[in-house]
Participant: 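This is the structure I want to talk about, given as structure tokens.
Order of listing sets the numbers, starting from 1, for every ligand and every atom in it.
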Amino acid sequence: MKEKLTALIAEVEQFTAQKPEQVEEFRIKILGSKGILKDLFADFKNVPNEEKKEVGQLINQVKENAQAKIDALKAVFENAVNSTETIDLTKPAYPNEVGSRHPISLVKNEIIEIFSRIGFTVSEGPEIEDDWHNFSALNFPPEHPARDMQDTFFVESANGEMALRTHTSSVQVRIMENQKPPIRTLSPGRVYRNEAISARAHCFFHQIEGLYIAENVSFADLKQTLLYFAKEMFGEQTEIRLRPSYFPFTEPSAEVDVSCSVCNSKGCNVCKYSGFLEILGCGMVDPNVLENCGIDSKKYSGFAFGMGVERIAMLKYKINDLRLYSEGDVRFLNQFKGAL
Ligand code: DAH
């Protein structure tokens with residue numbers, strides 16, 4: 001009996017299985033109701049009394065070892081099933097979420113669409129600019145204090161000192177240098193200024209420049225174009241207001257406000273109780289600028305305007321902090337899901 005039991009303990013010890021079914025067969029063979037252990041217990045009464053203690057212990061050991069072996073093998077097979085499930089790299093990720101357009105892109109595209117309906121094309125220029133295109137051609141002479149209106153990032157380059165463009169007005173110079181009037185184009189793009197980052201200022205942002213050059217273009221054309229834009233962008237009831245201003249590249253120059261859509265111009269904290277919100281700068285292109293770019297200022301005239309995309313998006317979506325645009329926080333970005 002003792003030899004039988006020791007052999008059985010060794011058999012349990014050595015048992016392995018390739019499939020879960022083999023574990024179950026093993027269980028039935030050893031522990032099942034007609035299994036080996038059952039017979040051993042039945043034979044136990046024939047064991048001489050002086051051996052009963054030792055044999056009893058061996059029978060219990062078989063039982064315990066077999067159960068432990070079965071539990072261990074079962075666990076191996078269960079984990080194997082789970083692990084193949086978790087590493088099935090061919091399965092599609094779930095939930096399968098689509099991204100959303102950034103509010104800056106949404107507003108930029110909408111502005112381009114509105115102006116394209118009245119014949120404006122889109123043109124782009126480089127973000128790293130030379131002094132001529134960002135300043136000098138636009139009537140900012142060297143050392144002129146107007147250059148301080150825009151804190152500039154300068155960069156060293158093989159062609160001498162360059163700058164990150166401070167405005168998209170640089171693109172109008174490139175267009176006028178390379179095209180003949182009539183010109184009617186929009187230049188969207190990123191611009192950079194050396195400013196401390198806060199809720200109201202950032203070191204980079206986006207502008208859209210507009211330029212219209214032809215014969216007999218007047219200030220009335222500028223006003224009508226901007227009124228059309230404001231109504232399309234902010235609603236039919238929108239009014240605009242022009243305030244005289246100064247830019248080196250336009251004469252006369254103006255800043256344009258739209259009536260506050262939050263309070264219907266009654267006065268609220270968004271418009272600081274003025275009923276109006278500033279959205280852009282504009283003016284008639286200075287004859288010096290036309291001549292700098294090789295366009296005959298006796299024959300042609302034109303207007304230009306420049307607006308901040310972040311600012312328009314703030315008004316449209318009631319966003320109160322510029323930093324939200326560049327932080328990549330999905331809780332902010334998810335709000336624009338579904339917008340095209
Ligand atoms: N470039 C100006 C700026 O960044 C915006 C601007 C004002 C553009 C008047 C224009 C304009 O074309 O006519 O502040």
Participant: Phe303 near ligand 1, heavy-atom distance under 4.0 Å?
Facilitator: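 Distance cut 4.0 Å: Phe303 fails for ligand 1.
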
Participant: Considering only protein heavy atoms, which is closest to atom 12 (O) of ligand 1, and at what distance to one decimal place?
Facilitator: Glu209 OE2, 2.5 Å

Participant: Compare every heavy atom of Phe44 with every heavy atom of Ile59, then report the nearest pair and how far apart it is.
Facilitator: CD1-CD1, 3.8 Å

Participant: Could you walk me through whether His202 and Glu310 satisfy the side-chain hydrogen bond (donor to acceptor under 3.5 Å, both in side chains) test, starting with their C-alpha distance in whole Å, then the side-chain angles of each, then the deciding distance to 0.1 Å, before giving a yes or no?
Facilitator: CA-CA 10 Å; His202 212 293; Glu310 276 82 352; over 6 Å; no

Participant: Passes ring pair (Phe, Tyr, Trp, His ring centres under 6.0 Å), Tyr317 versus Phe336? Steps please.
Facilitator: CA-CA 10 Å; Tyr317 295 115; Phe336 303 94; 5.0 Å; yes

Participant: Among Pro248, Gly308, Gly306, which one has a heavy atom closest to atom 8 (C) of ligand 1?
Facilitator: Gly306

Participant: Could you tell me whether some N/O pair between Phe247 and ligand 1 is separated by less than 3.5 angstrom?
Facilitator: no

Participant: Tell me whether Gln150 reaches ligand 1 (any heavy atom closer than 4.0 angstrom to a ligand atom).
Facilitator: yes

Participant: Under a 3.5 Å threshold, yes or no: a donor from one side chain and an acceptor from the other, between Ser123 and Thr185?
Facilitator: yes

Participant: Determine whether any heavy atom of Arg193 lies closer than 4.0 Å to an atom of ligand 1.
Facilitator: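 It does; at least one heavy atom falls under 4.0 Å.
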
Participant: Which protein heavy atom lies closest to atom 2 (C) of ligand 1, and at what distance to 0.1 Å?
Facilitator: Phe249 CZ, 3.9 Å

Participant: With Lys63 as reference, evaluate Leu31, Val12, Leu40 under the side-chain contact (heavy atoms from CB on, under 4.5 Å) test and give the passing residue.
Facilitator: Leu31

Participant: Counting both backbone and side chain atoms, is some N or O of Gln207 under 3.5 Å from an N or O of ligand 1?
Facilitator: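 The answer is yes, given that Gln207 and ligand 1 share an N or O pair closer than 3.5 Å.
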
Participant: What atoms in ligand 1 come closer than 4.0 Å to a heavy atom of Cys282?
Facilitator: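 Result: 9 (C), 11 (C), 13 (O).
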
Participant: Considering only heavy atoms of Gly283, which atoms of ligand 1 have at least one such atom less than 4.0 Å away?
Facilitator: 13 (O)

Participant: Any chance you could lay out the salt bridge (charged side-chain N to carboxylate O under 4.0 Å, His left out) test for Arg117 and Glu232, step after step, and finish with the verdict?
Facilitator: CA-CA 11 Å; Arg117 278 185 252 144; Glu232 292 294 309; 2.7 Å; yes

Participant: Step by step, would you call Ser136 with Arg147 a side-chain hydrogen bond (donor to acceptor under 3.5 Å, both in side chains)?
Facilitator: CA-CA 10 Å; Ser136 297; Arg147 290 188 179 219; 3.2 Å; yes

Participant: Regarding Gln67 and Asp71, is there a side-chain donor-to-acceptor distance under 3.5 Å anywhere?
Facilitator: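 A pair is found: one side chain offers a donor N or O, the other an acceptor, under 3.5 Å apart.
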
Participant: Need the ligand 1 atom indices (1-based, order shown) with element for anything under 4.0 Å from a heavy-atom of Gln172.
Facilitator: 12 (O)

Participant: Which of the atoms of ligand 1 are close to Ser169, meaning less than 4.0 Å from one of its heavy atoms?
Facilitator: 1 (N), 8 (C)

